[in-house]
2 protein chains.
Amino acid sequence: MTSPVPASAVTLAALPLTQSLAEQIAARLSERILSGAYAPGQRIMEQGVAAEFAVSRGPVREALRLLEKEGLVIILARRGAQVTNPTIEEVNEIFDIRAMLNGLRDRMIAESPSREALIPQLEQEIAQLLQFAELPGLGDDYVEIVIRLNRLLTHAAGNHRLQTILGSLAVQTVRYTRLGLSTPQRRRQSVQHWQQLLQAIRDGDGDAAERIARRRVLDSRDAAVELLRNQQNVSSAA
Amino acid sequence: MTSPVPASAVTLAALPLTQSLAEQIAARLSERILSGAYAPGQRIMEQGVAAEFAVSRGPVREALRLLEKEGLVIILARRGAQVTNPTIEEVNEIFDIRAMLNGLRDRMIAESPSREALIPQLEQEIAQLLQFAELPGLGDDYVEIVIRLNRLLTHAAGNHRLQTILGSLAVQTVRYTRLGLSTPQRRRQSVQHWQQLLQAIRDGDGDAAERIARRRVLDSRDAAVELLRNQQNVSSAA
DNA sequence: CTTTGTATGATTGTCAACAATCTTCTTGAC
DNA sequence: GTCAAGAAGATTGTTGACAATCATACAAAG
């Protein structure tokens, strides 16, 4: 086996023990999966992770269960964990769900009596969106603002279960969201949606907020899926 | 082996020939929670469960994680697991999410080209609904049919992630669904919704299917919450 | 009587070893 | 050369013991 980075790589004991070992390990593995250090489809073996973090397999098992709950890995009976590698169809499915639940979220906000307090923050973030949208490049800065905006809204909606589910789905699709916002043209379209949403919230128009939210997510999905298909065609033709 | 399944396609191929101990224990505990043998809020201690099933604490811990994923227990750091005891607000939140996702599901079915094959089964189940709706009593038989209907539709929608989420939410709310369908009057209303949905599916009218699904779930929610509030008032007045 | 500190038991968190199962490699037949 | 057993190694599943932390009871001080 390749053992280029053995046990000495990471010491968890120095970190604050407010979290259990399992949670700390889950956080570290989560970073690696989201950053692409662990590729989609790659197997994650308990022994290896345990050796690297200098812990036993117990906490690692539990960490992998936590990641499974987040949708970052799948665990197959007696075959261990591997990084989730969704098909285009599954990506489509997840975006469909996100579209509906974002619609619910934004409707709740638009119909909330306490929405006024939120509007200044939204205006500020959306102003930043405008600023970053036109920059050339892949728009990682833009996506960061979008993520912040979504967190702000998901938190403001006040539905705790919705927050959990949307957080999990967002983590699973952040890679594709980034892909779907990788051109200035798409970012311009995205900014428009956010501006429309802001207006709907100002007006207290729940129907409009829901409609715009769904459109926003589904457009993001369509853009991402189109690019995904192109990527696949290129790689399969090579 | 007569069916050579390529390793790359294992995303959902795992058919557990033998359930792990954790899964068996989770199933048993799940029964007890849903039947009320374990009351909401009750603590579940690893040692006790392990002793009862004559296994070690490892599989029990994992079983509790599985139940947490289903929303049947919550696990607090260093304080163990306890049966979920949602507030009325949380019940409301879960029903809101169910309403949206049932809307998505029923829209997908109504817009599916293969919906024709489903219609005879729906007709049969809904005929049974009609039969059971008018019976006096709390309508447990009626709820059984509703659960079967929902499973049928959720499966037919073909969105695997949606199936997982809706299954979990259904488990968490079955108690309240039952409460909301405990009067013949409400069951008559419910049957009407199902008949309208059937017609929308026949017509291939996705908009109508979504609208009806949301109405159905939200009516169920309102009925359940009203009864819940009455129960609380009674018990707090005593 | 309330509050604070401490001891004690209960409970979860972690570990290392063993068992069961799967994967891979070899071997052999056709 | 292809395919099918079978053996060897790798990996997950399970166990019991130990460590760390939490909850409770009780005593002492104000």
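Within every chain, numbering begins at 1; the chains are lettered A, B, ... in the order of the sequence lines, protein sequences first and strands thereafter.
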N/O-N/O pairs, protein side and nucleotides 13-16 of chain D side, under 3.5 Å:
residue, atom, partner, partner atom, Å
D/dG13, OP1, A/R78, N, 3.0
D/dG13, OP2, A/R61, NH1, 3.0
D/dG13, OP2, A/R61, NH2, 3.1
D/dG13, N7, A/R57, NH2, 2.9
D/dG13, O6, A/R57, NH1, 2.9
D/dT14, OP1, B/L21, N, 2.8
D/dT15, OP2, B/S56, N, 3.0
D/dT15, OP2, B/S56, OG, 3.1

Is it the case that B/Q24 and B/S20 place a side-chain donor and acceptor less than 3.5 Å from each other? no
Can you tell me which residue pairs pass the salt bridge (Lys or Arg N to Asp or Glu O under 4.0 Å) test with a partner in residues 152-171 of chain A, sequence neighbours excluded? none
If I take atom CD1 in residue A/I44 and atom C1' in nucleotide D/dT12, what distance separates them, rounded to the nearest angstrom? 15 Å
Checking A/R57 now: which residues fulfil salt bridge (charged side-chain N to carboxylate O under 4.0 Å, His left out) with it, not counting sequence neighbours? A/E46
For B/E116, all residues meeting side-chain contact (heavy atoms from CB on, under 4.5 Å), sequence neighbours excluded: B/I119
Take atom CD of A/Q42 and atom P of D/dT11, then tell me their distance rounded to the nearest Å. 13 Å
What residue pairs, at least two apart or across chains, pass salt bridge (Lys or Arg N to Asp or Glu O under 4.0 Å) with a residue in residues 86-104 of chain B? B/D96-B/R221
Quick one: which residue pairs count as a side-chain hydrogen bond (donor to acceptor under 3.5 Å, both in side chains) with a foot in residues 142-159 of chain A, not counting sequence neighbours? A/R105-A/N150, A/R105-A/T154, A/E125-A/R148, A/Y142-A/S190
Find the distance A/Q47:CD to D/dA10:P and express it as a whole number of Å. 11 Å
Between P on C/dG9 and CE on B/M45, what's the gap in Å once rounded to a whole number? 18 Å
